[in-house]
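Below is one structure; the comments refer to it alone.
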Amino acid sequence: MKVVISGASSGLGLALARHYLERGAIVAAFARRSELLHALATEFPGQVHCYALDVRDGAAVQRAALDFINGVGVPEVVIANAGVSVGTLTEYAEDVDAFQQVMDINVLGMVKTFQPFVAAMRTACAAGGQYTLVGIASVAGLRGLPGAGAYSASKAAAISYLESLRVELHGSGVKVVTLCPGYIRTAMTEINPYAMPFILDADEAAGRMARIITRQTSYAVIPWQMGLVGVLLKSLPRWLYDRLFARAPHKPRGLL
């Protein structure tokens, strides 16, 4: 099996890479930190193709995709996992740049990760086989969270984008899977100054996600308990949601 994973050097991306590598997959690992990618390659010799790149750099992603396809073959699974999160407040001028970066990485980075593989996957599907594009969104994309305007907006955009892509590729054989995790124990969440219900270790989350990807389920929330929370949040009328969350604790503002 051949798998491409962006943001593969740490957190959920690293857990997903390890999950597939431990089962014998060949993994194309995209990430900015080359030293972490090469550490993974050393741990799994012969299985990891390292591509030190920023998903905002579409040309770099294109080159990496072409190199992997030409050298190894068309991947059965491409996981657009690269993402960032930071607390933001619109009233601060210095946070505008943070908004830009979060949207560029979490949304356009997903588009740039998928785009080089779509045509090749279409062709491969016509010859038989199972090919899947996987986007990592978030429960945070279901309602706007105070102090997380950039992150919530980016994940809401990702959810809508993935739905559009799924419809565009309907009938091609290429499946699109939207994964909306709740809280996962990573460096991204360890600074959160509030309770995180139903939090999962990254390895556990990766295993659950891999099973969903194998089934090619079009949309899933992990864990399922957060799915119920998401349904509840979406059902709340705006006046009640506003009242309940107006005083909710915020993720700390900071630099990306």
Side-chain angles (χ1 to χ4, degrees), residues 5-7 10-16 19 79-89 98-99 102-103 105-107 109-110 133-166 176-213 215-238 240-252:
I5 304 173
S6 68
S10 63
L12 178 60
L14 177 59
L16 285 164
H19 177 90
I79 304 175
N81 163 78
V84 292
S85 174
V86 64
T88 50
L89 292 172
F99 270 85
V102 170
M103 295 299 289
I105 295 169
N106 294 4
V107 184
M110 184 177 289
L133 299 168
V134 183
I136 306 298
S138 171
V139 171
L142 302 180
R143 296 296 297 251
L145 299 177
Y151 188 69
S152 290
S154 73
K155 293 304 184 178
I159 291 170
S160 292
Y161 161 65
L162 290 162
E163 185 165 55
S164 296
L165 183 62
R166 188 178 71 246
V176 177
V177 173
T178 302
L179 295 178
C180 291
Y183 294 110
I184 298 175
R185 194 169 281 109
T186 66
M188 189 181 292
T189 58
E190 66 183 9
I191 64 171
N192 290 345
Y194 44 77
M196 293 177 281
F198 311 117
I199 190 168
L200 293 175
D201 288 335
D203 291 344
E204 173 64 21
R208 296 190 188 193
M209 289 179 174
R211 290 192 289 274
I212 292 166
I213 292 167
R215 295 195 298 268
Q216 294 186 317
T217 304
S218 62
Y219 177 93
V221 177
I222 302 98
W224 65 266
Q225 293 93 334
M226 286 303 291
L228 298 180
V229 172
V231 170
L232 174 61
L233 289 177
K234 290 192 73 172
S235 70
L236 291 177
R238 289 184 178 85
L240 180 57
Y241 180 82
D242 293 353
R243 182 171 297 179
L244 290 175
F245 280 82
R247 297 183 182 276
H250 295 183
K251 190 179 188 76

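Positions are given from 1, in the same order as the sequence printed here. Keep in mind that this is a model prediction, so the values were computed, not measured.
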Can you name the residues that form a side chain to side chain donor-acceptor pair (under 3.5 Å) with S6, not counting sequence neighbours?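 If we apply the side chain to side chain donor-acceptor pair (under 3.5 Å) test to S6, skipping adjacent residues, there are no hits.
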Could I get the full list of side chain to side chain donor-acceptor pair (under 3.5 Å) partners for T217, not counting sequence neighbours?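 Partners of T217 under the side chain to side chain donor-acceptor pair (under 3.5 Å) test: none.
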Would you list the atom pairs, donor with acceptor, under 3.5 Å between side chains in residues 223-230 and any protein atom, with sequence neighbours excluded?
none

Check each of L133, L165, L162, I105 against M110 using the side-chain contact (heavy atoms from CB on, under 4.5 Å) test, and report the only one that passes.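 Of the listed options, the one satisfying the test is L162.
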Apply the test side-chain contact (heavy atoms from CB on, under 4.5 Å) to residues I79 and I213: give CA-CA distance (whole Å), side-chain angles for both, the deciding distance (0.1 Å), then the verdict. CA-CA 10 Å; I79 304 175; I213 292 167; 4.0 Å; yes
With sequence neighbours left out, what residues match [X] under side-chain contact (heavy atoms from CB on, under 4.5 Å)?
X: S160; answer: none
X: E163; answer: R166
X: A210; answer: H19, Y20

Please check: side-chain N/O of [X] versus main-chain N/O of [Y], any donor-acceptor pairing under 3.5 Å?
X: N81; Y: G7; answer: yes
X: S85; Y: Y151; answer: no
X: N106; Y: V84; answer: yes

Return the set of residues passing salt bridge (Lys or Arg N to Asp or Glu O under 4.0 Å) with D242 (not counting sequence neighbours), or none when no residue passes.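 In terms of salt bridge (Lys or Arg N to Asp or Glu O under 4.0 Å), with neighbours along the sequence ignored, D242 is linked to no residue.
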Pairwise distance OG(S164) to CD1(I159) - rounded to 0.5 angstrom: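 Reported to 0.5 Å precision, the distance equals 12.0 Å.
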L89 side, atom CG; F99 side, atom CZ - distance, nearest 0.5 Å: 8.0 Å
Quick one: side chains of residues 134-144, donor-acceptor pairs under 3.5 Å with protein atoms, not counting sequence neighbours, listed by atom name and distance.
residue	atom	partner	partner atom	Å
S138	OG	A140	N	2.9
R143	NH1	L233	O	2.6
R143	NH1	L236	O	3.1

Sequence neighbours left out, what pairs pass salt bridge (Lys or Arg N to Asp or Glu O under 4.0 Å) with at least one residue falling in residues 221-230?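 Found none.
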Where do [X] and [Y] come nearest, in terms of heavy atoms and distance?
X: L145; Y: S152; answer: N-OG, 3.2 Å
X: A150; Y: T88; answer: N-OG1, 3.3 Å
X: S154; Y: V107; answer: O-CG2, 3.4 Å
X: A206; Y: L12; answer: N-CD1, 4.2 Å

Checking Y219 now: which residues fulfil ring pair (Phe, Tyr, Trp, His ring centres under 6.0 Å) with it, not counting sequence neighbours?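 Here no residue qualifies.
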Could you check M209 against I184 for side-chain contact (heavy atoms from CB on, under 4.5 Å), going step by step and ending with a plain yes or no? CA-CA 12 Å; M209 289 179 174; I184 298 175; 4.1 Å; yes
Would you check, one step at a time, whether the test side-chain contact (heavy atoms from CB on, under 4.5 Å) holds for I222 with L200? CA-CA 9 Å; I222 302 98; L200 293 175; 3.7 Å; yes
